[in-house]
Amino acid sequence: MRLSRLLFVTLRDEPSDAEVRSHALMARAGFLHKLAAGIYVYGPMMWRVLRRVENIVREEHDRVGCQELLMPALQPRELWEESGRWDRYKSEGILFNFRDRKGSEVCLGPTHEEVITTFVKRQVQSYKQLPVTLYQIQTKFRDEIRPRFGLMRGREFIMKDAYSFDVSEEAMAGSYATMREVYRNIFSRCGLGFTPVEADSGAIGGCGSEEFMVDAETGEDGIAVCRATGYAANLEKAVSKIPAAAECAEDVAMHKEATPDARSCNALLELFPNLSLTRMLKTVLYSVTYADGTEGVVAVLCRGDRELNETKLLNFLDALQLDLANETTVKAATGAEVGFAGPIGLADNVRLIADSSVNGVKGFLCGGNETDMHYLDVHFGRDLEQPETSDFGTVQAGDTVVEGEGEIEITRGIEVGHIFQLGTKYSEAMQANFSDENQKTKPMWMGCYGIGVSRVAASAIEQNHDDSGMIWPLPIAPYAVHLIQMKTGNEEQDALALEIHDQLEAAGVDVLWDERKKVNPGVKFKDADLVGIPIRIVVGRDAADRGVEYSLRSNTEGKEGITADEAMKRALELVKEAGR
Ligand code: ATP
Ligand code: MG
């Protein structure tokens with residue numbers, strides 16, 4: 001491709017809303033054009049990258065016998081009522097939905113479990129037709145609360161979603177294991193550094209899931225990892241053994257302490273310097289909307305040095321939504337100003353539960369449900385009953401893994417893929433049944449598997465860039481070779497560059513040839529650094545002797561003067577190696 005014929009417009013400035021490098025660089029290089037929040041035009045170069053990612057995704061799915069299809073983006077509300085997910089998705093605000101001319105409600109698909117289950121239940125009757133795994137690559141729509149980071153969190157984005165259907169739980173686990181390998185292969189082939197982690201299943205539901213995280217400091221997800229044992233889990237899901245609470249030496253009766261204006265554990269620590277945070281219990285109040293539509297207030301106890309985990313709470317409560325209680329609610333529940341809530345003497349309609357970090361804490365300090373007052377030397381069993389307790393805590397760096405020996409570190413990642421064992425959640429709700437060898441009717445066992453195709457492309461740049469621009473991994477780069485011609489119109493250079501372009505193209509290597517006339521070499525190099533095509537061949541002074549300068553975008557310092565033929569040979573080898 002001749003660069004002079006490409007619609008190639010770069011911006012001098014980065015967009016003001018670009019918070020991460022991938023977004024800033026892609027926008028500056030004209031790969032992306034923002035139409036509205038979370039809605040982008042993919043420019044020609046971007047589309048080439050996305051097609052590359054899609055092709056890798058296709059090849060790896062097809063290799064294990066998955067079949068591609070295409071489902072509609074428009075989905076009728078009735079399907080979502082059948083699965084029971086309409087209310088949850090509506091209350092999360094994720095659904096783009098509207099009425100058609102007849103007044104029927106439809107949504108733009110954020111995911112396709114309902115559609116695929118409907119399709120498969122009409123197609124499959126017998127165990128002889130199973131197993132089957134179907135996938136599509138399609139635009140998804142989600143009205144994200146905070147669309148940001150460019151392609152990382154769009155409101156319209158490209159996803160590959162696959163769904164497996166099996167006759168039994170074991171068979172489902174087999175399909176899931178196969179897809180796990182498919183995912184590993186896809187992300188490796190895309191040239192990404194990634195970590196598979198245990199994950200929360202969220203609104204999709206089911207009985208087990210893993211996410212594939214691209215290692216990146218700017219990632220929105222926190223991950224707990226233990227190098228010693230290999231444990232890795234999303235913080236939404238991670239568990240740990242936590243350090244023991246400080247001992248309570250004396251057996252003192254519970255009593256009230258005046259704590260003027262001490263509304264946080266740290267303020268209390270100043271008042272009670274001998275008391276560790278581990279002997280304080282915070283009481284956090286939430287306004288909850290339950291899955292059945294009812295509402296209530298929940299108070300959650302947690303040790304002073306630990307943080308609550310709202311995903312775990314949401315799951316435990318089977319809630320649609322969880323918000324920190326506002327001032328009015330806190331006052332009604334505690335009779336006190338915000339900052340003095342405690343487990344003793346809460347209003348009757350408040351449900352009290354506790355995080356497992358409270359286990360074994362003795363003689364603790366907690367809110368007094370009276371402004372400027374706390375209770376001290378409180379014991380469960382003696383002064384109040386320990387409320388229902390479960391794990392609602394967030395794992396912290398330095399905790400110990402539950403199984404084996406090892407310390408946990410917290411890192412960050414970008415979720416590029418998520419795989420789920422769904423079980424029979426959707427097949428039972430939507431009657432997707434088959435008849436087994438004995439003509440017995442049974443629900444199908446399902447799995448579902450998503451990859452954010454556009455997010456994969458963005459995370460490749462989040463992982464691979466420098467101050468001058470993007471550095472595309474060869475397998476998904478928009479072009480394999482950036483051919484820079486120093487002086488267009490010079491006979492020898494014209495001839496050699498044309499030859500390299502044509503020969504490489506004929507060998508299946510795609511080349512972007514910068515033969516722009518009135519553009520000086522400095523600008524050409526700057527542009528090449530920005531767009532980040534991995535292999536660079538420069539045709540200049542030595543063209544008469546078939547000499548070129550060869551380098552890789554990942555190491556622009558390492559330039560070598562070699563012959564055009566050697567440069568082409570090397571490029572061809574690298575391209576083959578990358579499976580491009
Ligand atoms: P997140 O937690 O980041 O919101 P999710 O868990 O809701 O994502 P899934 O339903 O698991 O997403 O979707 C499958 C994949 O689609 C994700 O792993 C991610 O790569 C991609 N994805 C999800 N939401 C977006 C989005 N708004 N923009 C781009 N890609 C997305
Ligand atoms: Mg997910």
Side-chain angles (χ1 to χ4, degrees), residues 19-20 22-23 26 32 34 36-40 42 46 49-50 53-54 57 83 85 88-89 92-96 108-114 116 135-163 179-180 182-184 186-187 190 192 194-206 208-216 218-223 233-237 310-311 314-315 412-422 426 447-463:
E19 297 170 75
V20 294
S22 58
H23 182 191
M26 286 176 171
L32 274 189
K34 179 168 159 185
I39 306 176
Y40 292 91
Y42 310 122
M46 189 74 235
V49 172
L50 294 172
V53 177
E54 284 186 11
V57 167
S83 69
R85 286 207 296 181
R88 178 155 185 174
Y89 273 71
E92 283 184 354
I94 281 278
L95 273 187
F96 278 106
L108 292 172
T111 177
H112 278 68
E113 282 77 14
E114 284 75 5
I116 195 81
Y135 76 97
Q136 64 172 348
I137 298 177
Q138 189 213 30
T139 300
K140 293 279 188 278
F141 299 86
R142 294 185 182 181
D143 199 357
E144 300 276 1
I145 305 174
R146 292 233 293 151
R148 57 185 195 150
F149 299 163
L151 296 191
M152 296 281 187
R153 186 167 296 284
R155 294 197 296 162
E156 175 175 333
F157 60 97
I158 303 173
M159 196 202 285
K160 183 286 310 180
D161 44 330
Y163 305 87
M179 291 305 281
R180 204 168 181 275
V182 167
Y183 272 47
R184 281 178 175 277
I186 289 171
F187 299 125
C190 288
L192 297 171
F194 64 95
T195 310
V197 305
E198 290 175 21
D200 176 65
S201 299
I204 305 272
S209 81
E210 281 161 286
E211 287 163 340
F212 290 79
M213 295 287 182
V214 164
D215 312 321
T218 48
E220 290 187 279
D221 287 276
I223 309 168
N234 191 315
L235 278 186
E236 292 177 346
K237 170 91 179 178
E310 293 185 359
T311 305
L314 203 78
N315 290 340
R412 302 206 72 77
I414 302 164
E415 178 195 329
V416 285
H418 198 165
I419 58 178
F420 301 78
Q421 297 196 21
L422 293 175
Y426 293 91
C448 79
Y449 316 89
I451 290 181
V453 170
S454 38
R455 194 182 278 184
V456 164
S459 46
I461 292 311
E462 214 43 47
Q463 237 178 20

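Just so you know, ligand 1 is whichever comes first in the structure, and atom 1 is the first atom listed for that ligand.
- Taking the six-membered ring where the residue is Trp, Phe212 and Phe194 present tilted rings, their angle falling between 30° and 60°.
- Contact annotation: the side chain of Glu415 never approaches that of Glu220 to less than 4.5 Å [non-hydrogen atoms, C-beta and beyond].
- When each of Thr311, Leu314, Asn315 is paired with Glu236, the side-chain contact (heavy atoms from CB on, under 4.5 Å) condition holds for Thr311 and for no other.
- An N or O contact shorter than 3.5 Å is missing between Met159 and ligand 1 by distance.
- Remark: Phe96 CZ to Tyr89 OH distance equals 14.5 Å, nearest 0.5 Å.
- Residue-ligand proximity: Val416 is placed with a non-hydrogen atom under 4.0 Å from ligand 1.
- Protein-derived N/O/S atoms nearer than 2.8 Å to the Mg ion (ligand 2) total 2, waters excluded.
- Residue Glu211 has no N or O atom closer than 3.5 Å to an N or O atom of ligand 1.
- When the options Gly154, Pro147, Gly219 are ranked by their closest heavy atom to atom 28 (N) of ligand 1, first place goes to Gly154.
- Between Phe157 and ligand 1, no N or O atom pair is found at a separation short of 3.5 Å.
- Taking only nitrogen or oxygen atoms, main chain and side chain alike, Phe420 does not reach within less than 3.5 Å of ligand 1.
- Summarising the local packing, NZ of Lys237 is surrounded by 12 or fewer heavy atoms from other residues, nucleotides or ligands at distances under 6.0 Å.
- Atoms of ligand 1 found under 4.0 Å from any heavy atom of Leu151, numbered from 1 in the order shown, are 29 (C).
- By the 4.0 Å heavy-atom criterion, Val456 is excluded from the residues contacting ligand 1.
- Rounded to the nearest 0.5 Å, atoms CE (Met213) and CD1 (Ile223) are 5.0 Å apart.
- Counting heavy atoms under 4.0 Å from ligand 1, residue Lys140 does not touch it at all.
- Less than 4.0 angstrom separates some heavy atom of Glu144 from each of these atoms of ligand 1: 24 (N), 26 (C), 27 (N).
- At a 4.0 Å heavy-atom cut-off, ligand 1 does not touch Asp161 at all.
- Residue His418 places at least one N or O, backbone or side chain, under 3.5 Å from an N or O of ligand 1.
- Two residues are said to be in side-chain contact when any heavy atoms from C-beta on lie closer than 4.5 Å; Gln136 and Asp161 meet this criterion.
- Atom numbering of ligand 1 starts at 1 in the shown order; those under 4.0 Å from a heavy atom of Arg142 are 5 (P), 7 (O), 9 (P), 10 (O), 12 (O), 13 (O), 23 (C), 24 (N).
- In this structure, the separation between CZ on Arg148 and CD on Glu19 is 5.0 Å, given to the nearest 0.5 Å.
- When non-hydrogen atoms are compared, ligand 1 lies under 4.0 Å from the backbone of Glu415 as well as from its side chain.
- Close approach of ligand 1 to Gly452 (heavy-atom distance below 4.0 Å) involves ligand atoms 15 (C), 16 (O), 20 (O), 21 (C).
- Taking a 4.0 Å cut-off on heavy atoms, Met152 registers as neighbouring ligand 1.
- Of all atoms in ligand 1, numbered sequentially from 1 with element shown, those under 4.0 Å from a heavy atom of Gly417 are 18 (O).
- Under the side-chain contact (heavy atoms from CB on, under 4.5 Å) rule, His23 has a single partner from Leu32, Leu151, Ile461, which is Leu32.
- Contact check for Ser83 versus Glu113: no side-chain heavy atoms found under the 4.5 Å cut-off.
- Separating the NE2 atom in His418 from the CD1 atom in Ile451 is a distance of 12.5 Å, to the nearest 0.5 Å.
- Under 4.0 Å from ligand 1, the heavy atoms of Arg455 that appear belong solely to its side chain.
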